[in-house]
Amino acid sequence: MDSLNLERPPRGGAQDLFYSKANTRGLPTIVRGEGIYIFDDRGNRFIDVISGAMAASLGQGNERVLKAMYEQGMKHTFSYVRVSRHLPNAALTERVSRLAGAGFERVHLSSGGSESVEMAIKFLRQYSYAKGNKDKTRIITLMPSYHGGTLATIGWTGDEDAASVWGPMAVFGEKIPAPLSYRPPFGTTSEDGSRGAAAALEAKIIELGAENVLAFMMEPIGGQSTGANVPHPIFFSEVRRVCDKYGVFLVFDEIVSACRSGKFLAAHHYPDCKPDVVITAKGLGATYTPIGAMMASAEMVDELADLTGFNLSHTYNANPITCAGAAAVLDEMVDRDLIGNAAMLGEKLKARLEGIKDNSPIVGDVRGQGLMLAVEYVRDKMSKEVFSGDIYASDRIRQIGVENGLMLYSRRQNGGRYGEWSVVCPPLIITEDQIDDLANRLERTIAAFVDEMVRAKVL
Ligand code: PMP
């Protein structure tokens with residue numbers, strides 16, 4: 001297996017053969033993982049700074065989860081949820097609901113993030129339709145934002161460049177400016193930006209007609225699309241007020257933020273802003289199994305079940321092996337207090353990143369909450385000017401990171417119009433010593449990039 005030619009084999013090959021060749025040159029071939037580390041075929045070790053895809057909360061090789069999945073599979077591999085019930089389904093949803101708290105008694109399982117986003121919106125559509133509100137179809141989201149890669153979720157994702165390719169095929173929802181704390185869309189402060197964005201939501205609902213607007217969906221902490229943007233608290237109370245005023249459902253996409261922010265849901269940081277529906281995925285399966293979930297109140301779900309029901313499913317929804325795996329993931333989270341770890345070690349990591357920012361001419365911002373953090377790069381800290389596209393600073397830093405034992409993930413959002421950054425989201429099992437090691441390596445990586453830029457007379 002090690003000797004397989006993964007570059008351009010005559011047939012088959014790795015998934016990256018489908019991606020742009022420019023972005024896949026020199027990708028390491030990973031052959032092994034252990035805790036927060038992954039190892040390539042040359043024996044190099046990398047800290048998984050991005051937790052796979054902001055998902056591997058438990059790191060690699062968790063025996064309890066793997067064993068739970070194996071044992072479940074040996075006992076009962078699969079039966080279809082449309083024609084039978086099984087206990088692992090009920091056991092998992094009971095755990096999720098208990099962690100999510102009041103208002104989230106019912107949990108609908110699906111096979112990943114995008115699918116759960118679609119299920120949440122379809123659930124709300126079906127609920128409104130069944131209650132006679134048949135015109136409610138419009139969805140409002142933030143620009144920029146990310147809600148998935150299916151044709152429906154591409155339309156809700158806030159990506160200025162998506163319409164050119166997908167426009168005629170995907171139905172694009174309505175967008176309002178994201179309340180970016182570092183680059184506020186209104187005024188000069190994070191609070192100005194958040195107040196302005198909430199006012200833009202209200203104006204958009206009025207423009208579309210409240211009777212036509214089904215939901216406003218947002219990431220309470222941004223993922224890769226904004227580099228862990230945390231809106232000002234005023235945004236949360238304002239959007240709840242606006243949604244209540246106009247009868248619009250509020251949906252939190254917590255596909256990344258659940259388990260990572262220092263509380264089970266990021267929503268729990270804002271008691272005066274309880275969303276109507278919450279979606280989660282990545283941390284729930286922690287990469288051991290593909291799973292997503294959308295949570296709503298028993299009141300809504302049971303009411304809809306009495307009317308038409310929500311009669312959509314996919315083959316792998318709530319399959320027993322996945323349910324057993326995700327339940328074991330949550331048991332690990334609770335027994336090892338990994339959510340508390342995210343809160344405590346997130347503060348330590350953020351302080352280290354702030355230190356890097358203070359000493360670096362190109363780190364313009366450090367933001368995020370818990371172990372969902374990001375470092376934004378700029379050519380000039382005063383003006384917040386981004387590096388030019390040909391430099392693609394965040395990706396060059398990713399490449400230098402590989403030489404320094406870091407697996408980073410870069411984003412230059414919409415050609416740099418919203419900035420560029422590395423997201424720093426290590427597995428929640430990370431220790432204090434490993435945080436220091438990660439921060440030291442990142443500091444060296446950024447310093448090496450600065451040296452390159454000084455030599456090239458860019459800085
Ligand atoms: N929403 C957010 C906030 C995400 O970060 C992602 C995945 N990056 C998705 C939705 C889509 O999830 P998936 O890739 O599992 O379909």
Legend entry - Centroid-centroid distance, Phe123 to His108, less than 6.0 Å: no

Inset, instruction - First locate atom NE2 of His268, then atom CD1 of Ile339, and finally report the distance between them rounded to the nearest 0.5 Å. - result: 9.5 Å

Inset, instruction - With the side chain counted from C-beta on, respond yes when Phe252 and Cys273 share a heavy-atom pair under 4.5 Å apart, and no when they do not. - result: yes

Inset, instruction - May I have the step-by-step check of side chain to side chain donor-acceptor pair (under 3.5 Å) for Gln126 and Asn311, ending in yes or no? - result: CA-CA 9 Å; Gln126 182 96 59; Asn311 303 310; 5.6 Å; no

Legend entry - Ion pair Glu63/Lys67, N-O distance below 4.0 Å: no

Inset, instruction - Look at Glu160 together with Lys175 and state whether they make a salt bridge at an N to O cut-off of under 4.0 Å. - result: no

Legend entry - Heavy-atom neighbours of Leu87 CG exceed 12 at 6.0 Å: no

For residues 206-219, tabulate all N or O donor-acceptor pairs below 3.5 Å that involve a side-chain atom, not counting sequence neighbours.
| unit_1 | atom_1 | unit_2 | atom_2 | d |
| --- | --- | --- | --- | --- |
| Asn212 | ND2 | Leu208 | O | 2.8 |
| Glu219 | OE1 | Gly223 | N | 3.0 |
| Glu219 | OE2 | Tyr146 | N | 3.0 |

Legend entry - CA sep, side-chain torsions, deciding dist, call: Ser410, Asp395, side chain to side chain donor-acceptor pair (under 3.5 Å): CA-CA 5 Å; Ser410 54; Asp395 202 58; 2.9 Å; yes

Inset, instruction - Could you pull out the closest heavy-atom pair between Ser57 and Gly283, with the gap in Å? - result: OG-CA, 3.6 Å

Inset, instruction - Give a yes-or-no answer on whether the side chains of His147 and Thr141 include a donor-acceptor pair shorter than 3.5 Å. - result: no

Legend entry - Pair His86-Ser79, side chain to side chain donor-acceptor pair (under 3.5 Å): steps then yes or no: CA-CA 8 Å; His86 57 80; Ser79 52; 5.1 Å; no

Inset, instruction - Step by step, work out the salt bridge (Lys or Arg N to Asp or Glu O under 4.0 Å) result for Asp365 and Lys381. - result: CA-CA 9 Å; Asp365 195 29; Lys381 281 168 91 159; over 6 Å; no

Inset, instruction - State whether the side chain of Ser97 and the backbone N or O of Arg106 hold a donor-acceptor pair below 3.5 Å, judged by distance alone. - result: no

Inset, instruction - Drop me the distance from Lys350's NZ to Glu354's CD, to the nearest 0.5 angstrom. - result: 6.5 Å

Inset, instruction - Work out which heavy atom in Leu373 is nearest to a heavy atom in Ala228; give both atom names and the distance. - result: C-CB, 3.8 Å

Legend entry - Between Ser225 and Tyr418: side-chain donor-acceptor atoms closer than 3.5 Å: no

Legend entry - Least distance between heavy atoms, Ala266 atom then Pro220 atom: CB-CG, 3.8 Å

Inset, instruction - Under the salt bridge (Lys or Arg N to Asp or Glu O under 4.0 Å) rule, what do Arg98 and Glu94 come out as? Steps first, then yes or no, please. - result: CA-CA 6 Å; Arg98 189 152 23 89; Glu94 197 272 334; 2.8 Å; yes

Inset, instruction - Compute whether any side-chain donor of one residue and acceptor of the other, for Tyr246 and Glu202, lie under 3.5 angstrom apart. - result: yes

Inset, instruction - Look at atom OH of Tyr70 and say whether more than 12 heavy atoms of other residues, nucleotides or ligands are closer to it than 6.0 Å. - result: no

Inset, instruction - Verify whether one side chain among Asp48 and Ser51 offers a donor that lies under 3.5 Å from an acceptor in the other. - result: no

Inset, instruction - For atom CZ of Phe39, decide whether the heavy atoms of other residues, nucleotides or ligands shown that lie under 6.0 angstrom number more than 12. - result: yes

Legend entry - Among Val301, Leu284, Val96, the one residue meeting side-chain contact (heavy atoms from CB on, under 4.5 Å) with Val107: Val96

Inset, instruction - State which residues pass side-chain hydrogen bond (donor to acceptor under 3.5 Å, both in side chains) with Arg138; sequence neighbours excluded, sorted by chain then number. - result: Glu174

Legend entry - side-chain hydrogen bond (donor to acceptor under 3.5 Å, both in side chains), paired with Tyr127, selected from Lys136, Lys122, Glu303: Glu303

